[in-house]
Number of protein chains: 2
Amino acid sequence: MLGLLSAGPASGYDLLKTFELSLENVWPATQSQLYAELGRLAKEGLVRVAAEGPRGRKEYEITEEGRAELRHWLVEVPPTLTRRSDMLLRVFFLDQVGADAARGYLERLAERAVHEHDQLRGIREFVISQGDDALRLYGDIALEWGLRLTAAQRDWAEWAAGRVGALEHEKAGQAGAE
Amino acid sequence: MLGLLSAGPASGYDLLKTFELSLENVWPATQSQLYAELGRLAKEGLVRVAAEGPRGRKEYEITEEGRAELRHWLVEVPPTLTRRSDMLLRVFFLDQVGADAARGYLERLAERAVHEHDQLRGIREFVISQGDDALRLYGDIALEWGLRLTAAQRDWAEWAAGRVGALEHEKAGQAGAE
DNA sequence: CTGAACATGTAACACGTTACATGATTGA
DNA sequence: TCAATCATGTAACGTGTTACATGTTCAG
């Protein structure tokens with residue numbers, strides 16, 4: 001939220017739309033959370049109500065303290081390593097469902113990755129055509145990560161499905177020979 | 001937990017050690033959570049106390065219902081897409097700290113990825129030498145994902161740092177020409 | 001005049017974390 | 001005997017989600 005407000009004042013409702021539209025893929029947030037958090041940030045002096053509009057609209061702006069906190073978080077607080085992937089957790093126990101179903105699971109992962117990749121390509125087309133320089137640069141860098149991640153996932157899932165398939169045939173061959 | 005118990009009976013303490021050692025990178029869990037969850041699973045009939053040992057040790061085993069639930073989760077419940085990456089979120093607001101600090105951030109990401117990659121390579125050395133066939137296959141597939149992910153992150157972060165650096169020089173050149 | 005969009009807020013619930021709290025075995 | 005390890009459990013707290021609850025403005 002400090003990041004979004006650093007680009008200019010906005011209401012809780014505005015921020016909500018931004019989260020839903022552009023930030024949804026990296027940091028989903030709900031309406032309740034947003035309003036509650038705005039209250040907290042205001043109490044801490046990191047944001048302030050700059051103007052009030054119709055329908056009870058409150059336009060928030062970031063304060064100097066808020067900007068300092070944002071900069072601090074950006075470069076000094078170490079990013080957390082992305083742990084906890086249920087997609088990967090399942091892989092550990094895939095022997096419980098047999099090679100055939102396991103291969104199916106991995107193939108579906110590959111398909112999903114292709115689908116996500118295509119969606120991101122669509123978004124990039126759209127983003128390239130607008131926005132200011134800084135946002136275009138960093139937005140594009142983030143998008144590129146999405147593209148590389150989904151491509152890697154597709155490749156890996158296909159490779160893994162192949163390995164499971166090879167084991168499947170090996171076993172079948174042995175069974176036939178016995 | 002059902003997955004771990006599907007390989008054989010274990011106590012809460014045993015499971016805790018497994019989470020700390022091998023599952024830590026895909027699904028960290030705390031001691032409190034484990035014991036609470038074992039109680040819940042037992043109440044639902046997905047696990048049962050198979051034996052009691054010294055020091056109040058309770059050995060749990062998975063029930064048929066538990067096994068069915070595990071298989072159901074493995075192949076029928078769609079994996080959640082890994083959202084919410086604060087590492088990527090920061091990228092969106094990197095223009096707030098200037099090109100120089102932004103480049104530093106991305107370079108640190110690259111270094112971190114290299115470090116993680118090396119660690120995983122070490123783990124693979126260790127894992128290859130032991131374990132049964134099924135666990136070796138799927139454990140290795142999971143490890144391979146970690147290797148590909150960290151490699152992709154290194155490449156991306158270096159590429160991104162390069163792009164930011166290029167912008168930096170361009171701006172400097174313009175400033176010098178004015 | 002009416003429905004969509006704008007706009008904000010609270011309450012109940014679930015889950016995860018940290019800290020608290022206790023006790024039994026066993027090997028050196 | 002004493003420290004490490006084994007072993008289990010509860011309580012307080014923070015954060016996020018879903019659902020509830022309400023009211024305003026504006027375009028057609």
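A note on names: the letters A, B, ... follow the listed sequences, proteins ahead of strands, and every chain is numbered from 1. Only a predicted model underlies this, so the values are computations on that prediction, with no experimental measurement involved.
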Rounded to the nearest Å, what distance is computed from the [atom1] atom of residue [X] to the [atom2] atom of nucleotide [N]?
X	N	atom1	atom2	value
B:Phe19	C:dG16	CZ	P	11 Å
B:Glu20	C:dT17	CD	C1'	14 Å
A:Glu52	C:dA7	CD	P	13 Å

Is it the case that B:Arg90 places NZ or CZ above or below the six-membered ring of A:Trp73, under 6.0 angstrom from the centre and within 45 degrees of the axis?
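B:Arg90 over A:Trp73 ring: yes.
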Looking at A:Trp159, does the NZ or CZ of B:Arg148 lie under 6.0 angstrom from its six-membered ring centre and within 45 degrees of the ring axis?
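The answer is yes; both the distance and angle limits are met.
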Does some side-chain heavy atom of [Y] sit less than 4.5 Å from a side-chain heavy atom of [X]?
X	Y	answer
B:Leu5	B:Glu61	no
B:Val91	A:Trp145	no
B:Leu109	B:Arg154	no
B:Val49	B:Glu59	no
A:Tyr13	A:Leu34	no
A:Val26	B:Asp86	no

Please give me every residue in residues 73-81 of chain A whose heavy atoms get under 4.0 Å of an atom in DNA chain D, ordered by residue number.
none
Near-strand residues of residues 21-42 of chain A, defined as heavy-atom separation under 4.0 angstrom from DNA chain D:
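When residues 21-42 of chain A is checked for heavy atoms under 4.0 Å from DNA chain D, the hits, listed by number, are A:Thr30, A:Ser32, A:Gln33.
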Whether A:Arg84 contacts C:dT17 is assessed here as follows: a side-chain N or O lying under 4.0 Å from the phosphate OP1 or OP2. Is that the case?
yes
Given the rule in the salt bridge (charged side-chain N to carboxylate O under 4.0 Å, His left out) test, do B:Glu144 and A:Arg163 qualify, once you have shown the distances and angles that lead to the verdict?
CA-CA 12 Å; B:Glu144 176 70 19; A:Arg163 276 196 65 173; over 6 Å; no
Going 5' to 3' along DNA chain D, which nucleotides are the first and last within contact of chain A (any atom under 4.0 Å from a heavy atom)?
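Terminal contacting nucleotides, 5' to 3': D:dG16 to D:dT25.
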Going by an N to O cut-off under 4.0 Å, is there a salt bridge joining A:Asp95 and B:Arg136?
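No.
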